[in-house]
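Please read these numbers as outputs of a predicted model, since none were measured by experiment.
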Amino acid sequence: MTGRRFAVGLAAISAFLAFASQADADVLELDCTYGGQIWIDMDRSTATLKFPDGLKTLPAQISATEIVWSRNDGGWGWDFSVDRTTGRINMDQTGPGGSHGHSDGTCEKGTTPLPATKF
């Protein structure tokens, strides 16, 4: 009986710690003229963006001056960077045959929380 209570208590503590770590995540919310809403998880070094095929979370390199991430899909690539000093966002697209374009815009600190997932 004692072992079962211990296991239940341990499970409850683990669930609480997992929830607490998500609630305390350091997420920078950006509203950008190019790219729309972007969420940067400073603790996990990821960027989450809305794409036509849904939310995508991608590894990011975060420094004091810049946030950089990439998406590769079926031979196409998109390289994103945000200058943390000026708020400029840049995107370069590559694909079969080389460069296919460059877009840029501005970002400001947003207020929209990262959409919750059900699972």
Side-chain angles (χ1 to χ4, degrees):
M1 197 74 159
T2 303
R4 182 178 285 170
R5 279 191 231 156
F6 177 75
V8 170
L10 187 59
I13 290 171
S14 297
F16 172 77
L17 290 175
F19 175 77
S21 67
Q22 288 178 348
D24 292 341
D26 188 11
V27 177
L28 175 62
E29 303 147 32
L30 301 175
D31 291 331
C32 302
T33 57
Y34 182 83
Q37 293 173 319
I38 301 170
W39 298 271
I40 308 297
D41 187 322
M42 305 298 275
D43 296 330
R44 294 184 177 151
S45 295
T46 60
T48 300
L49 294 85
K50 286 184 184 178
F51 287 99
D53 56 344
L55 289 177
K56 299 291 180 191
T57 299
L58 306 163
Q61 294 78 45
I62 301 170
S63 73
T65 58
E66 184 176 53
I67 303 167
V68 178
W69 67 94
S70 298
R71 178 180 183 189
N72 296 300
D73 190 11
W76 291 89
W78 297 265
D79 296 319
F80 296 88
S81 65
V82 175
D83 184 308
R84 296 182 72 183
T85 304
T86 65
R88 298 290 302 165
I89 183 169
N90 294 293
M91 187 279 301
D92 293 303
Q93 183 180 20
T94 57
S99 179
H100 286 273
H102 172 85
S103 299
D104 62 6
T106 58
C107 295
E108 58 185 46
K109 189 172 181 178
T111 58
T112 305
L114 181 63
T117 57
K118 292 186 180 190
F119 304 100

_pair Asp31-Gln37: side-chain heavy atoms closer than 4.5 Å_ = yes
*Return each pair, listed once, that meets disulfide bond (SG atoms under 2.5 Å apart) where at least one residue sits in residues 26-59; pairs must be two or more places apart or across chains.*
Cys32-Cys107
*side-chain hydrogen bond (donor to acceptor under 3.5 Å, both in side chains) with Asp73: which residues, sequence neighbours excluded?*
Arg71
*So, do Ile38 and Phe80 sit near enough that their side-chain heavy atoms are less than 4.5 Å apart?*
no
*Could you tell me which residues satisfy side-chain hydrogen bond (donor to acceptor under 3.5 Å, both in side chains) with Lys56, sequence neighbours excluded, listed by chain and number?*
none
*Taking Thr33 for the side chain and Thr106 for the main chain, is one N or O donor matched with an acceptor at less than 3.5 Å?*
yes
*Would you indicate whether the side-chain heavy atoms of Asp83 and Glu66 approach each other to under 4.5 Å?*
no
*Under 3.5 Å, side chain of Asp92 to main-chain N/O of Asp79, donor-acceptor pair present?*
no
_Could you measure the distance from the OG atom of Ser81 to the CD atom of Gln61? Nearest 0.5 Å is fine._
11.0 Å
*asked:* Asp104: which residues meet the side-chain hydrogen bond (donor to acceptor under 3.5 Å, both in side chains) condition with it, sequence neighbours left out?
replied: Arg88
*Once you round to the nearest 0.5 Å, how far does CG of Asp41 lie from CD1 of Ile62?*
7.5 Å
*Of the non-hydrogen atoms in Gly95 and Trp76, which two are nearest, and what is the gap between them?*
CA-CE3, 3.6 Å
*Give, for atom CG of Leu55 and atom CG of Leu58, the distance between the pair rounded to the nearest 0.5 Å.*
10.5 Å
*Which residues satisfy the side-chain contact (heavy atoms from CB on, under 4.5 Å) test with Ser103, sequence neighbours excluded?*
Tyr34, Met91
*Return the minimal non-hydrogen interatomic distance between Ile40 and Trp69, and the atom names on each side.*
CD1-CZ3, 4.1 Å
*Quick one: does Ile67's side chain get under 4.5 Å of Leu28's, heavy atoms only?*
yes
*Of all the heavy-atom pairs spanning Pro96 and Gly75, show the shortest one and how long it is.*
CD-O, 3.9 Å
*With sequence neighbours excluded, what pairs up with Thr48 under the side-chain hydrogen bond (donor to acceptor under 3.5 Å, both in side chains) test?*
Thr57
